[in-house]
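Contents: one structure, followed by commentary.
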Amino acid sequence: MKDLIRTTAEFKALRAEAREAIAAYEDGADFLFTISRLAAIGERMNILLA
């Protein structure tokens, strides 16, 4: 079931948002901002997978 959720548009959008946050950190974004952004994304992913 989790594999099906990972193929949904909503989950893919969250994954893309996480990649953007990591790319922004590599470009010099603040570490704490990046971590808080990734934590929020991870929380939404966990809700979808629950």
Side-chain angles (χ1 to χ4, degrees):
M1 184 68 176
K2 290 183 181 184
D3 290 334
L4 292 174
I5 293 170
R6 287 185 176 116
T7 61
T8 63
E10 185 177 2
F11 196 86
K12 287 180 180 181
L14 288 171
R15 190 180 303 145
E17 190 177 338
R19 287 182 180 135
E20 288 175 12
I22 292 168
Y25 176 71
E26 289 175 347
D27 289 339
D30 182 58
F31 177 76
L32 292 178
F33 174 74
T34 303
I35 293 300
S36 64
R37 202 169 150 193
L38 288 173
I41 294 167
E43 184 177 336
R44 287 185 286 176
M45 285 179 163
N46 280 333
I47 290 170
L48 286 175
L49 293 172

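Just so you know, residue 1 is the first one in the sequence shown, and it goes up from there. Hydrogens, waters and symmetry mates are skipped; everything else that's a heavy atom, side chains included, is used.
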(request) Considering non-hydrogen atoms only, spot the tightest contact between L4 and T7 and give its length. (result) O-OG1, 2.7 Å

(message) Please find the pair of heavy atoms, one from F11 and one from I5, that lie closest to each other, and give the distance.
(response) CB-O, 3.3 Å

(message) Is any side-chain heavy atom of R6 closer than 4.5 Å to one of D3?
(response) yes

(message) With clusters defined by side-chain heavy atoms of hydrophobic residues (ILVMFWY) lying less than 4.5 Å apart, directly or transitively, does I35 cluster with Y25?
(response) yes

(message) Ignoring hydrogens, what is the shortest heavy-atom contact between L48 and E10? Give both atom names and the distance.
(response) CD2-OE1, 3.7 Å

(message) To the nearest 0.5 Å, what is the distance between CD on E43 and CG on L14?
(response) 11.5 Å

(request) Check I41 against E17 and note the closest heavy-atom contact, atom names and distance. (result) CD1-CG, 3.6 Å

(message) Ignoring hydrogens, what is the shortest heavy-atom contact between T34 and A29? Give both atom names and the distance.
(response) OG1-CB, 4.0 Å

(message) Please find the pair of heavy atoms, one from R37 and one from A24, that lie closest to each other, and give the distance.
(response) NH1-CB, 4.4 Å

